[in-house]
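Heads up, the thing below is written out as structure tokens.
None of the values given here were measured: they were computed from a predicted structure.
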Amino acid sequence: MKSTNPVFSRWGAARFAAPAEASTRRPVHTPAGGPPAAGPRTDGAPAATPVGTLAPDAPTVPRAAPAAPAMTLDDVVVRTATTLGTVVLTAVLSWLLLPVDEADLGRSCGIALGAAVVAFALAMLQAVRRLPSPALILGYAAFEGVFLGVISGATSTYFAPGAVVQTVLGTFAVSAAVLVAHRMRWIRVTRRFTGFLASAAAGFLLLLLADLLFSALGAGHDLGVHCGVLGLLFGAVGVLLGAGFLTLDLRQVGDALAEGVPREQAWLAAFGLTTTLVWIYLEVLQVLTVLDGDD
């Protein structure tokens with residue numbers, strides 16, 4: 001099943017099978033009765049070539065290169081932990097070194113926006129590459145961590161004190177629930193499920209872009225997707241979409257392990273899982289912020 005996550009869709013071009021040795025050598029078979037004697041034939045024809053040897057004009061074909069080591073579950077776990085660890089480390093450093101206060105609120109928002117743009121650019125560069133680049137993936141994780149650290153600090157300071165810890169716990173809870181459902185096969189990843197999820201995500205992103213457009217034009221959040229009942233519904237749909245994408249990502253990782261993709265593709269698995277977990281974190285933070293504001 002092909003994932004709608006653009007990161008995992010790149011695996012299709014990178015999968016391989018061990019090349020079969022196609023030899024163009026022309027063995028010359030001896031007639032029944034055993035190999036001919038050495039030396040020229042008396043009838044003027046060239047001497048027969050013994051079994052197992054090549055004809056004089058047979059081209060020599062180089063042997064195929066040995067297959068690369070296949071990706072394992074340990075490879076996926078280690079690289080995912082490395083990528084997520086980079087996100088967490090840079091987020092904590094950003095929280096501590098870039099405190100958000102009223103005097104520097106504009107500067108903090110500018111830093112967060114700049115980090116988000118750079119992270120998005122690095123993610124797009126990796127998404128269009130045929131092979132994974134650890135430098136691009138870890139660079140994306142670092143700038144994504146800066147963005148999350150500043151946004152989380154601003155949310156905790158001005159909108160929902162204590163919501164960040166609850167958001168982290170909520171992200172773990174959603175991820176654990178998806179893992180259990182995937183392990184127990186409670187969710188069937190079918191073509192219809194994938195199509196529905198892709199359509200819902202497209203509508204979700206279009207609504208989010210429309211809200212950003214209204215905000216940029218000075219109309220504020222007139223769509224109401226960040227407050228009230230509609231804000232809660234919007235955040236809940238975002239969490240469900242993130243859980244659905246995580247299910248697709250896990251299925252894609254399982255398929256890749258079964259097909260024996262090269263070990264370097266574990267970086268793509270880490271990249272895709274990290275982007276989905278960041279999505280879930282932001283949507284859980286949205287829900288908790290709206291709940292705290294309504295109180």
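- Looking at residues two or more places apart in sequence or on another chain, you find a side-chain contact (heavy atoms from CB on, under 4.5 Å) between Ala112 and Phe147, Val150, Ile151.
- A donor-acceptor pair is defined here as one N or O able to donate and one able to accept, closer than 3.5 Å; such a pair exists between the side chain of Arg129 and the backbone of Leu131.
- With hydrogens and angles ignored, the 3.5 Å screen pairs a side-chain donor or acceptor of Gln126 with a backbone N or O of Ser133.
- With rounding to the nearest 0.5 Å, the separation of CG in Leu268 from CD in Gln265 is 5.0 Å.
- Partners of Phe204 according to the ring-ring contact (aromatic ring centres under 6.0 Å, His included) rule, which considers only residues two or more places apart in sequence or in another chain, are Phe234, Trp279.
- For residues 123-145, the set of pairs meeting the ring-ring contact (aromatic ring centres under 6.0 Å, His included) definition, not counting sequence neighbours, comprises Tyr140-Phe271.
- In this structure, the side chain to side chain donor-acceptor pair (under 3.5 Å) partners of Thr72, at least two apart in sequence or on a different chain, are Asp75.
- No chain of hydrophobic side-chain contacts below 4.5 Å, direct or via other Ile, Leu, Val, Met, Phe, Trp or Tyr residues, connects Leu282 to Leu169.
- By the criterion of side-chain heavy atoms lying less than 4.5 angstrom apart, applied directly or through intervening Ile, Leu, Val, Met, Phe, Trp or Tyr residues, Phe172 is grouped together with Leu285 in one hydrophobic cluster.
- Taken together through direct or relayed side-chain contacts under 4.5 Å among Ile, Leu, Val, Met, Phe, Trp and Tyr, Leu197 and Leu240 form parts of separate hydrophobic clusters.
- Of all the heavy atoms in Gly272 and Asp249, the pair that sits closest is O-OD2, 3.6 Å.
- Between Thr274 atom OG1 and Arg79 atom CZ the span is 13.0 Å, to the nearest 0.5 Å.
- Grouping the Ile, Leu, Val, Met, Phe, Trp and Tyr side chains by contacts below 4.5 angstrom, directly or via other members, places Val87 apart from Val117.
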Listing, residues 175-187 side-chain donor-acceptor contacts under 3.5 Å, not counting sequence neighbours, or none:
unit_1	atom_1	unit_2	atom_2	d
Ser175	OG	Thr171	O	2.8

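- Looking at residues two or more places apart in sequence or on another chain, you find a side chain to side chain donor-acceptor pair (under 3.5 Å) between Ser152 and Tyr281.
- The main-chain N or O of Gly149 is never found under 3.5 Å from a side-chain atom of Ser94 such that the two would form a donor-acceptor pair.
- Taking both residues in full, the closest heavy atoms of Thr90 and Gly145 are given as OG1-CA, 3.1 Å, listed atom of the first, atom of the second, then distance.
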